[in-house]
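A short worksheet on the structure shown next.
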Amino acid sequence: MLRAIAVLVRNTTWKCGRVERLIINYLRSHLRIHGVPRTTVNDMLQHFKLRGKAKSEFFDALRRLERRHIIRIDMP
């Protein structure tokens, strides 16, 4: 999962929690700066400096966003 690539599909934060909004805003800023709405999951983990329980909440948020078709997780 760490080498997976998260791709922003829909630019919405409607009914999203705090962690989901952080992920979407990070992908938005990555789009503005680099021109592509994608980044690796490992880069996001390093950016947010997540450990322990926060790390598991991060992965749960990724799954929820993927289930709601807001992001897409591509495995290399």
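These values consider heavy atoms only, across backbone and side chains, with no hydrogens, waters or symmetry-generated copies.
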- Of all heavy-atom pairs between Leu8 and Ile24, which one has the smallest distance, and what is that distance? CD1-CG2, 4.3 Å
- Measure the spacing between CG of Leu31 and OH of Tyr26 and express it to the nearest 0.5 Å. 12.5 Å
- Item | Pairwise distance CG(Asn42) to CD1(Ile5) - rounded to 0.5 angstrom | 11.5 Å
- Message: Taking salt bridge (Lys or Arg N to Asp or Glu O under 4.0 Å) as the cut-off, I'd like each qualifying pair that reaches into residues 9-30, sequence neighbours left out, listed once.
- Response: Glu20-Arg64
- Taking His30 for its side chain and Thr39 for its backbone only, find out whether a donor-acceptor pair lies under 3.5 Å. no
- Query: Glu57 and Val19: which non-hydrogen atoms are nearest, and at how many Å?
  - Reply: O-CG1, 4.3 Å
- Atom CD1 of Ile73 and atom CZ of Arg38: how far apart are they, to the nearest 0.5 Å? 12.0 Å
- Query: Between Thr13 (side chain) and Cys16 (backbone), is there a donor-acceptor pair under 3.5 Å?
  - Reply: no
- Task: Report yes or no: do Val7 and Leu65 belong to one cluster of Ile/Leu/Val/Met/Phe/Trp/Tyr joined by side chain heavy-atom distances under 4.5 Å?
- Result: no
- Note on the structure: Leu62 and Val41 have their tightest heavy-atom pair at CD1-CG1, 3.9 Å
- Task: Indicate the atoms forming the closest heavy-atom contact of Ala61 with Ile23, along with that distance.
- Result: CB-CD1, 3.9 Å
- Message: On a heavy-atom basis, which atom in Pro76 and which in Ala4 lie closest, and how many Å separate them?
- Response: CD-CA, 4.0 Å
- Item | Heavy atoms of other groups near Arg68 CZ, more than 12 under 6.0 Å | yes
- Approximate separation, where rounding is to 0.5 Å, of Leu50 CG and Gln46 CD: 11.0 Å
- Message: I'd like to know whether Trp14 forms a side-chain contact (heavy atoms from CB on, under 4.5 Å) with Ile70, so could you lay out the CA-CA distance, the side-chain angles of the two residues, the decisive distance to 0.1 Å, and finally the verdict.
- Response: CA-CA 10 Å; Trp14 184 72; Ile70 295 174; over 6 Å; no
- State the CG-NZ distance between Asp60 and Lys55, to the nearest 0.5 angstrom. 13.0 Å
- Task: Considering non-hydrogen atoms only, spot the tightest contact between Leu22 and Phe48 and give its length.
- Result: O-CZ, 3.6 Å
